[in-house]
Amino acid sequence: MKAERLVALLFTLQRRRSATAAELAAELGVSERTMHRDLAALRDAGVPLWTEPGRHGGFRLVDGWRSGLDGLTAREAVALFALGVPSALAGLGLDTASSAARAKVAAGMPAELREHAALVAGRFHLDAPGWFGSPDEPPSLAAVAQAVWAQRRVSVSYRRRDKVASRELEPLGLVLKAGIWYLVARVVKDDALRTYRVSRILSVASSDVPFDRPPDFDLASWWHSSSAEFEQVARPVRVRARLNRTAVRELRRVFGGEHLADTVVSLGPPDDDGWAEAELALEGGEIGLGQLVALSPGVEVLEPASLRAALAGIGAELAARNS
């Protein structure tokens with residue numbers, strides 16, 4: 001990608017006092033002819049480049065000039081400028097900070113790179129909520145986020161099915177998955193790491209008690225491993241199936257809105273007959289089979305064969321009993 005390569009070239013010139021076109025081409029993995037074109041493109045974009053003649057000469061930036069993007073890689077610069085998840089940032093109180101960061105990055109970019117970043121932003125968009133649910137807007141999110149920033153203990157009341165539990169927590173991080181916010185926290189009572197859906201937190205009482213984060217804790221790594229473990233335990237059966245339009249509309253009713261994002265792994269576009277291929281993560285035994293029956297007659301199980309046979313057996317029994 002040319003724009004990314006130009007940012008990389010700009011950073012290379014800032015790092016090296018002087019370099020020949022051949023040296024720059026070797027470092028960036030392009031031909032010398034391409035390097036000369038890229039150097040000309042930087043000049044055209046307003047970057048003050050000049051050439052030192054002689055055996056030890058080469059290309060260099062005018063002394064004292066810097067891009068204003070120090071420390072960012074080429075991919076980071078373009079990605080940061082193009083990134084936009086306004087609803088998520090607003091929920092965390094970071095919408096203004098995001099706009100300021102984008103403005104600073106844009107100010108340090110040559111015009112050609114700003115245009116490329118704007119092009120990326122116009123071609124890609126992250127829509128965090130899942131297909132079958134409305135965006136999660138928990139009233140406790142701001143208070144929880146503030147506790148995460150401040151690294152202070154909180155006391156929360158939390159809805160668990162038909163009862164309310166109280167917990168003293170050390171909030172370590174927030175995760176937004178399929179439009180739903182989750183809090184990862186350490187429980188003070190037993191020192192265990194747990195995940196809480198923020199929309200189920202009924203109240204948050206902040207304290208002035210600070211806590212130390214576990215030195216080896218990485219939020220992304222922990223979330224990946226814990227969610228994968230949960231899926232293996234809670235929904236161990238992967239099913240490849242075809243669903244008609246009626247069955248697709250019934251997914252929320254059968255699986256429940258809050259579990260839908262975890263249950264429907266993927267859902268393809270409908271074909272000419274209105275059937276779409278889907279991958280579902282289901283509970284084992286009678287529960288998963290019963291959920292598929294609830295989607296009938298608009299479901300065809302493709303894999304696993306054992307579940308397809310079980311569903312066919314139920315259909316045959318129903319047909320015989322009602323014939």
Side-chain angles (χ1 to χ4, degrees), residues 70-73 75-76 79-80 83-98 100-101 126 128-130 133 135-161 163-236 258-259 261-263 265 281 283:
D70 300 52
L72 288 177
T73 67
R75 188 177 296 270
E76 289 167 347
L80 178 59
L83 179 64
V85 195
S87 59
L89 294 173
L92 298 176
L94 289 177
D95 44 344
T96 302
S98 172
L126 174 61
D136 199 31
E137 298 179 354
S140 299
L141 179 60
V144 170
Q146 180 57 40
V148 172
W149 304 136
Q151 205 164 306
R152 295 289 188 271
R153 286 184 179 179
V154 293
S155 296
V156 304
S157 59
Y158 182 77
R159 187 177 71 252
R160 298 183 60 187
R161 294 186 175 88
K163 64 180 181 179
V164 175
S166 298
R167 296 285 186 272
E168 187 176 7
L169 304 176
E170 295 177 346
L172 299 175
L174 285 161
V175 175
L176 178 64
K177 179 181 180 182
I180 298 175
W181 285 102
Y182 296 91
L183 169 67
V184 178
R186 184 167 55 185
V187 183
V188 174
K189 182 178 180 180
D190 57 13
D191 207 37
L193 291 179
R194 301 269 167 75
T195 300
Y196 299 88
R197 182 166 171 170
V198 178
S199 61
R200 292 180 182 170
I201 296 178
L202 304 177
S203 65
V204 180
S206 300
S207 74
D208 294 327
V209 180
F211 65 88
D212 294 324
R213 293 175 65 85
D216 57 347
F217 176 76
D218 178 81
L219 179 62
S221 298
W222 188 88
W223 176 264
H224 178 74
S225 60
S226 64
S227 57
E229 181 180 349
F230 173 80
E231 287 300 319
Q232 290 176 357
V233 173
R235 299 181 182 87
E258 65 183 55
H259 301 299
D262 296 321
T263 302
V265 179
E283 297 181 54

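These numbers were taken from a predicted model, which means no experiment stands behind them. As a basis for the values below, the full set of heavy atoms in this structure was taken, side chains included, without hydrogen atoms, waters or symmetry mates.
- Partners of L202 by side-chain contact (heavy atoms from CB on, under 4.5 Å), not counting sequence neighbours, listed by chain and number: S157, R159, V164.
- Atom OG1 of T195 and atom CH2 of W222 lie 3.0 Å apart (nearest 0.5 Å).
- Not a single salt bridge (Lys or Arg N to Asp or Glu O under 4.0 Å) links D212 to another residue, sequence neighbours left out.
- R153 pairs in a side-chain contact (heavy atoms from CB on, under 4.5 Å) with only one of the listed residues (P171, S206, S207), which is S207.
- The two residues G173 and L219 come nearest to each other via the heavy atoms CA-CD2, 4.0 Å.
- At distances below 3.5 Å, at least one donor-acceptor pair connects side-chain atoms of Q151 with backbone N or O atoms of F211.
- Here the OG atom belonging to S199 is positioned 8.0 Å from the OH atom belonging to Y182, to the nearest 0.5 angstrom.
- Remark: R152 pairs with A150, P210 by the side-chain contact (heavy atoms from CB on, under 4.5 Å) rule, at least two apart or across chains.
- Applying side-chain contact (heavy atoms from CB on, under 4.5 Å) to V198 and the options V156, L174, V175, V204 leaves one that passes, L174.
- Applying the side-chain contact (heavy atoms from CB on, under 4.5 Å) criterion to V187, with sequence neighbours excluded, gives R167, L169, K189, D190, R194, Y196.
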Please tabulate, for the side chains in residues 139-148, all donor-acceptor contacts under 3.5 angstrom to protein atoms that are two or more places apart in sequence or on a different chain.
residue	atom	partner	partner atom	Å
S140	OG	I201	O	2.9

